[in-house]
Protein chains: 2
Amino acid sequence: MTGKNLVGPEADALDLGAVFRALADEHRRSVLTQLAADRSDNERGCNSFDLPISKQTQTHHFRVLREAGLVDEIDYGNRKGIRLRRADIEKRFPGLLALLGAEPPGDTAPR
Amino acid sequence: MTGKNLVGPEADALDLGAVFRALADEHRRSVLTQLAADRSDNERGCNSFDLPISKQTQTHHFRVLREAGLVDEIDYGNRKGIRLRRADIEKRFPGLLALLGAEPPGDTAPR
DNA sequence: CTTCAGGTACGATTCAAGTCGTACCTGAAG
DNA sequence: CTTCAGGTACGACTTGAATCGTACCTGAAG
């Protein structure tokens, strides 16, 4: 029941370059913007983002977000949860999430 | 003597995606970090950044930074000046430059 | 058990981006 | 004028990233 947390970098090890690279992609930025908009920071299903891309590509994007240290992935076997690492991000890069939150929500348009 | 200012996007038209894409590159981030560190915001020569890349590639990177709206380029014909658009960036993305400024300055290492 | 949806692994493809070589332009200094 | 350093234009190359097809795994529900 309690899924295992997939590994990501420590809070102090977050790299600004990796973060910018992660947020350079439209779809990943959309995911993070949606996560940042929900102040409750509840765990969220990976298929709740309506991404206009295949499952395999979504797996790829979530992995990039996790390896950049922006989200936690919780593996339940046949489904997966995702949670924003808000505290770690705010500690290392204060104000970053506010930048995403200030964006117009309708920016999920495909390139 | 007075060089002409090369065109870039208006302050209100700055796109977060383009900004993140611009800052995803190590060399461009190095340039912007150095610019952000100098609070005087003086115009600066394009060859004053010690980038370990060829002239043509530097031209390319400065163009990307300008088209993202992060810097102004001033063309003098046989040399070029560059200036951080601090006010515009702060207005549109408050706190962004602070993130760069907080980075360790020795992050100019080539990949 | 079987079925099924969510997710992953691996490989292939496609495309954008970083890089440089060659040639050329520009203005300043001899 | 010529020379020279800084910069650009264009093309070519290379690498990385995004995407998907196929096949497979996992746990829950019949």
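Order of the sequence lines fixes the chain letters, A, B, ..., with proteins taken first and strands second; residue numbering starts at 1 for each chain.
Proximity of Thr59(A) to the phosphate of dG7(C): no side-chain N or O atom is located under 4.0 Å from OP1 or OP2. The side chain of Arg21(A) places no N or O atom within less than 4.0 Å of a non-bridging phosphate oxygen (OP1 or OP2) of dG16(D). Using a 4.0 Å cut-off, some side-chain N or O of Asn47(B) falls inside it from OP1 or OP2 of dG6(D). At the phosphate of dT8(C), neither OP1 nor OP2 sits under 4.0 Å from any side-chain N or O atom of Arg63(A).
Nearest nucleotide to the side chain of Lys55(A), out of dG6(C), dG18(C), dG6(D): dG6(C). Out of dG7(C), dT26(C), dT19(C), the shortest distance to the side chain of Thr57(B) is found at dT19(C). Across dG6(D), dT26(D), dT19(D), the shortest atom-to-atom separation from the side chain of His61(A) is found for dT19(D).
Rounding to whole angstrom units, CD of residue Gln56(A) and C1' of dG21(D) are separated by 7 Å. Note: CD1 (Ile53(B)) to C1' (dG7(D)) measures 14 Å, nearest angstrom. Between the NE2 atom of His60(B) and the P atom of dG6(D) there is a distance of 21 Å, rounded to whole Å. One atom, CZ of Phe20(B), and another, C1' of dA16(C), lie 20 Å apart when rounded to the nearest Å. For the pair Glu43(B) CD and dG6(D) C1', the computed distance is 14 Å after rounding to whole Å. Atom CG in Asn78(A) sits about 14 Å away from atom P in dG30(D), given to the nearest Å. Spacing between atom NZ of Lys80(A) and atom P of dT26(D) amounts to 15 Å, rounded to whole angstrom units. Put simply, CD1 on Ile74(A) is 18 Å from P on dG6(C), counting in whole angstrom units.
Nucleotide dA12(D) is matched to dT19(C) when pairs are restricted to Watson-Crick or G-U wobble geometry with both distances under 3.5 angstrom. The base-pairing partner of dT22(D), taking Watson-Crick or G-U wobble contacts with both distances under 3.5 Å, is dA9(C). Pair assignment for dA29(C): dT2(D), on the basis of Watson-Crick or G-U wobble contacts that are both within less than 3.5 Å.
A donor and an acceptor atom, one from each side chain of Ser30(A) and Gln34(A), are located under 3.5 Å apart. Remark: the Arg44(A) side chain and the Ser48(A) side chain contain an N/O donor-acceptor pair separated by less than 3.5 Å.
Shown are Leu14(B), Ile89(B), Val64(B), Leu35(B); of these, the side chain to side chain contact (heavy atoms under 4.5 Å, CB included) with Leu70(B) is made only by Ile89(B).
In this structure the side chain of Asp72(A) never reaches within 4.5 angstrom of the side chain of Leu6(A), judged on heavy atoms.
Asp75(A) comes within 4.0 angstrom of no nucleic acid atom, judged by non-hydrogen atoms across all strands.
Under a 4.0 Å N-O distance rule, the pair Arg86(A)/Asp41(A) qualifies as a salt bridge.
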